[in-house]
2 protein chains.
Amino acid sequence: MKGIRRLAEHLDVSIGTVSRALNGKPDVNEETRRRVLEAAEKLGYVANQSGRALRKGATGVIGFMMQTGREITGQGDTFFMSVFDGVQAVLARHKLDLVALLCSSEEDPDDYLKRMVARGFADGLILSATRRHDPRFEFLARHQIPFITLGRSLTDVGQPWIDLDFEGMAEQSVERLVKAGHREIGFVWPHGELNLGYVFIERCRQALARFGLILSEHHIFRTTPSEMGGYKVARDIKTIERPPTALILVNETLVTGLYRGLEEVGLQPGRDIAIIGRQSPHARFLSPTLTGFDLSLRDLGVALAEGLLSAMPAYAELYPKAPRQKLWPMTLIEGESG
Amino acid sequence: MKGIRRLAEHLDVSIGTVSRALNGKPDVNEETRRRVLEAAEKLGYVANQSGRALRKGATGVIGFMMQTGREITGQGDTFFMSVFDGVQAVLARHKLDLVALLCSSEEDPDDYLKRMVARGFADGLILSATRRHDPRFEFLARHQIPFITLGRSLTDVGQPWIDLDFEGMAEQSVERLVKAGHREIGFVWPHGELNLGYVFIERCRQALARFGLILSEHHIFRTTPSEMGGYKVARDIKTIERPPTALILVNETLVTGLYRGLEEVGLQPGRDIAIIGRQSPHARFLSPTLTGFDLSLRDLGVALAEGLLSAMPAYAELYPKAPRQKLWPMTLIEGESG
DNA sequence: CACCAGATCGTAATCGTTTTCGAAACCCTA
DNA sequence: TAGGGTTTCGAAAACGATTACGATCTGGTG
């Protein structure tokens, strides 16, 4: 005999009463409730979640899907770690727990998501690494699973999303560099299916146009979002016709490699070439320190959680004012690199 | 009508047969099995995991507990992501899935673990960030939950563990530096409850003694395992009596900050001060590149998974030769820093 | 005393699976 | 044809919780 039944027998009450007592239901004598709570504590009883989830049709777990291997997302681990903190702060208020669903780099993200949904241990999902076309959105919408995405996609099914304001970043970066006299600006675009690159480059193109400049294709440096990717960019710069005098990086993860590469070809960031990128714990201590866009990762996590909850029927009324789709502002922190 | 029952009715067979067909049980006609599989595919049926877990008493999920906020673990950006990849490669063979259990920096790890165990969605656990005294070990042992730890602890309950070979690292580092003529060696020890620091420092002490040197207390630099922590160390170096001519870092996460700090006090790694640390994607591209200890993170993940499985009754016989407790070797990669 | 309302609690159905057990059907052999 | 062995499948009992419903009891009121 195990579980709630054991507890009930030990107390000589019915399992129904035990359940009600434990769950704070009203129709149970306060004295009885006290005894139940006490015995549960003493015997170390905790409700079996499978039974509970089966009956209630909900698990109390929120899943954050991410890809293992940062070459895919272009974000460092610490990026997500900080976001998690914010998400959890909100979820804890509702006794919800957060787990990370780790999609191996060897598995197709769409298949992976299907498996996880089938497992059914999440009442709601947060998706990251959104692709230009992302079938996951349609899948979740079809299965009526509440979710929010960190990042947009052309595949918009009306779900809430929050995305970093790459448009704003593009505008500000270009304006800053052009006003500083730069005419040949390079853009590092970690290629892949991720949507953010497209958004970013397109807006850069527009921003340049406003100054009468056109974005030349060979000023777009496609590479992988890794240190090695950044390193290679530095090499490539020297080989092209009119080398850029400034570089904009949309990812966090390229900068150390880029710095090293530039050093090897004899260019010093901030003096010989201007660099604007994204802030990170590393970037602030590089030499020269990076000029880059910063954001509050924890607050971003809070907003994600609130956005998700507002999409879950059981919690929606608590978060009426959570904006459904929102660009997350970033602010430029001046460093020594540009 | 939902779930397996709907499928059964649609096919006009019993739910028992459907279950057996889906689970590859032998006593079902191959023709019937084909029909069931086909219908399941067509109707998009996937077994409800709560019901399944309730009945089977197992969830098919492995949990990897980690703390959000790298200042706690002292591991770099990609450390865990790479380990995950290895773990999943093994687990996938057994249709097990890996999720990360994210302990917020605001919550007590011991309480958190209890909650997660109560939730009961993991058949086995991998623990990281092991502390000098770690009550989690005893808790899991008491509840008979299979687990393995990445890192040792004084609280050893005989569970399998794998730990990085900090002893070997200490030996080799000290020997290398002493043979290069260094007599004043500094040790950066991110203080905190983590066990690894104690192990490392103790072995460094022994290694020094072998050369007739004694480890002076003010050559131990206690700090936080973050960029800022490394930065501060550089400052502190200048203030002490006999400043070290070499520095050993046990963590990945300090090096960029340390480099910056050293630059500001006019010391160049590799020329004015030798640095030995841990390799990471960043470290290879720093300038000067880091001399540091490297390891195969993916293989480490594989070993962790195998060690865990060998502790789980249902899989133990498949992994008879997985060593129960093992130091994971690291190899020194020479860089420019020392 | 009869009656009712409210408090408290037990009974039993239910959630969706897996799995045991036995029944039915079939083939084969003596 | 009887009997025995194989396949194949259905019925039903778990697994551990939640909850609707109804039963019992208490105390108060007319």
Side-chain angles (χ1 to χ4, degrees), chain A residues 1-37 39-40 43-61 95 115 117-123 143 145 314, chain B residues 1-37 39-40 43-61 95 115 117-123 143 145 314:
Chain A
M1 188 85 51
K2 270 175 20 183
I4 200 172
R5 180 173 269 117
R6 192 167 91 88
L7 195 53
E9 240 160 69
H10 179 260
L11 288 163
D12 202 35
V13 295
S14 76
I15 60 174
T17 301
V18 173
S19 175
R20 280 188 299 264
L22 257 21
N23 291 3
K25 291 294 161 74
D27 51 349
V28 47
N29 187 296
E30 280 309 320
E31 163 64 10
T32 310
R33 187 191 305 277
R34 196 191 51 71
R35 283 179 52 224
V36 171
L37 257 15
L43 301 187
Y45 167 79
V46 283
N48 176 302
Q49 284 299 316
S50 299
R52 171 176 256 252
L54 177 59
R55 174 61 221 230
K56 305 209 3 165
T59 62
V61 172
K95 293 188 183 305
R115 263 221 332 277
V117 166
R119 276 223 178 283
F121 54 13
D123 297 340
H143 286 252
I145 296 173
Chain B
M1 186 85 51
K2 267 174 22 181
I4 201 173
R5 181 172 269 116
R6 193 167 90 87
L7 197 53
E9 239 160 68
H10 178 259
L11 289 163
D12 202 35
V13 295
S14 75
I15 59 174
T17 301
V18 173
S19 175
R20 281 189 298 264
L22 256 22
N23 291 359
K25 291 297 162 70
D27 52 350
V28 45
N29 187 295
E30 281 310 319
E31 163 64 11
T32 310
R33 188 191 304 278
R34 196 191 52 72
R35 283 178 54 224
V36 171
L37 256 16
L43 301 188
Y45 166 79
V46 282
N48 175 303
Q49 284 298 318
S50 299
R52 169 177 257 250
L54 177 59
R55 172 61 222 232
K56 304 209 4 165
T59 62
V61 172
K95 292 187 183 306
R115 262 222 332 278
V117 167
R119 275 221 179 284
F121 54 16
D123 297 339
H143 286 253
I145 296 173

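A, B, ... follow the sequence lines: proteins, then strands. Residue 1 opens every chain.
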Asker: Under a 4.0 Å N-O cut-off, is there an ion pair linking A:Arg6 with A:Glu9?
Answerer: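 Result for this pair is no, no salt bridge flagged.
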
Asker: What is the distance, rounded to the nearest whole Å, between atom CZ of B:Arg119 and atom P of D:dG16?
Answerer: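 Distance, rounded to whole Å: 19 Å.
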
Asker: Using OP1 and OP2 only, check whether a side-chain N or O of A:Ser50 sits under 4.0 Å from D:dG16.
Answerer: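 No, no such contact exists.
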
Asker: Strictly distance-based, threshold 3.5 Å: is any side-chain N or O of B:Arg35 a donor or acceptor partner for the main-chain N or O of B:Leu11?
Answerer: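 A pair under 3.5 Å: yes.
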
Asker: Hey, could you give me the CD/CZ distance between A:Gln49 and B:Arg119, rounded to the nearest 0.5 Å?
Answerer: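 If I round to the nearest 0.5 Å, the distance is 5.0 Å.
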
Asker: Can you work out whether A:Pro26 or A:Gly51 has the more 5'-proximal nearest nucleotide on DNA chain C?
Answerer: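 Nearer the 5' end of the strand: A:Pro26.
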
Asker: Minimum heavy-atom separation for A:His10 and A:Ala39, please, with both atom names.
Answerer: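 Scanning both residues, the minimum pair turns out to be ND1-CB, 4.3 Å.
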
Asker: Rounding to a whole Å, what distance do you find between B:Asn48:CG and C:dT17:P?
Answerer: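 Result: 5 Å.
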
Asker: Tell me the interatomic distance from A:Leu22, atom CG, to D:dA17, atom C1', rounded to whole angstroms.
Answerer: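 Result: 11 Å.
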
Asker: Are the side chain of A:Arg33 and the backbone of A:Lys25 linked by a donor-acceptor contact shorter than 3.5 Å?
Answerer: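 Answer holds: yes.
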
Asker: More than 12 non-hydrogen atoms from neighbouring residues, nucleotides or ligands closer than 6.0 Å to CG on A:Asp12, yes or no?
Answerer: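 Not more than 12 within 6.0 Å, no.
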
Asker: Please report the shortest heavy-atom distance between B:Ile15 and B:Ile4, naming the atom on each side.
Answerer: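 Shortest heavy-atom contact: O-CD1, 3.7 Å.
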
Asker: Could you state the CD1-P distance from B:Ile15 to C:dC15, rounded to the nearest angstrom?
Answerer: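 Whole-Å distance recorded here is 12 Å.
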
Asker: Could you give the CZ-to-P distance, from B:Arg5 to D:dA11, as a whole number of Å?
Answerer: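 Those two atoms, CZ and P, are 11 Å apart.
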
Asker: Send over the distance from B:Arg33 CZ to D:dT8 P, rounded to a whole Å.
Answerer: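 Rounded to the whole Å, the gap is 10 Å.
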
Asker: Nearest of D:dA17, C:dC9, C:dT17 to any side-chain atom of A:Thr17?
Answerer: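 That would be C:dC9.
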
Asker: Within less than 4.0 Å of OP1 or OP2 of C:dT18, is there a side-chain N or O belonging to B:Lys25?
Answerer: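 No, B:Lys25 has no side-chain N/O under 4.0 Å of OP1/OP2 on C:dT18.
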
Asker: Any side-chain N or O of A:Thr32 less than 4.0 Å from the OP1 or OP2 oxygen of C:dC9?
Answerer: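 Result: yes.
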
Asker: Expressed as a whole number of angstroms, how long is the span from B:Asp27:CG to D:dG10:C1'?
Answerer: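 It works out to 12 Å between those atoms.
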
Asker: Between D:dG10, C:dG16, C:dC9, which nucleotide gets closest to the side-chain atoms of B:Leu54?
Answerer: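 Closest of the options to the side chain of B:Leu54: C:dG16.
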
Asker: Using whole Å, what does the distance between atom P of nucleotide C:dT11 and atom CG of A:Asp12 come to?
Answerer: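 Rounded to the whole Å, the gap is 11 Å.
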
Asker: For the residue pair B:Thr59 and B:Ala53, what are the closest heavy atoms and their distance?
Answerer: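 Scanning both residues, the minimum pair turns out to be CG2-CB, 4.1 Å.
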
Asker: Between B:Lys56 and B:Val28, which residue's closest nucleotide on DNA chain D lies nearer the 5′ terminus?
Answerer: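 On the 5' side of the pair lies B:Val28.
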
Asker: Using C1' atoms of five pairs at each end, report the bend of the helix from C:dC1-D:dG30 to C:dA30-D:dT1 rounded to 10 degrees.
Answerer: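 The helix from C:dC1-D:dG30 to C:dA30-D:dT1 shows an end-to-end axis angle of 70°.
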
Asker: Are any of B:Lys2's side-chain N or O atoms less than 4.0 Å away from OP1 or OP2 of C:dC15?
Answerer: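 The answer is no; no side-chain N or O of B:Lys2 sits under 4.0 Å from OP1 or OP2.
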
Asker: Looking at B:Arg52 and C:dT17, is any side-chain donor or acceptor paired with a base atom of the opposite kind under 3.5 Å?
Answerer: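 There is none.
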
Asker: Checking only heavy atoms, does the side chain of B:Arg55 share a donor-acceptor pair with the base of C:dT18 at less than 3.5 Å?
Answerer: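 Indeed, a donor on one side and an acceptor on the other fall under 3.5 Å apart.
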
Asker: Select one nucleotide: of D:dA17, D:dA11, C:dG10, the one nearest the side-chain heavy atoms of B:Arg20.
Answerer: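 Nucleotide nearest to B:Arg20's side chain: D:dA11.
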
Asker: Does OP1 or OP2 of D:dT8 have a side-chain N or O of B:Asn29 closer than 4.0 Å?
Answerer: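 It does, given that an N or O in the side chain of B:Asn29 lies less than 4.0 Å from OP1 or OP2 of D:dT8.
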
Asker: Of all the nucleotides listed (D:dC9, C:dG10, D:dA14), which has the minimum atom distance to the side chain of A:Ser14?
Answerer: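 The answer is C:dG10.
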
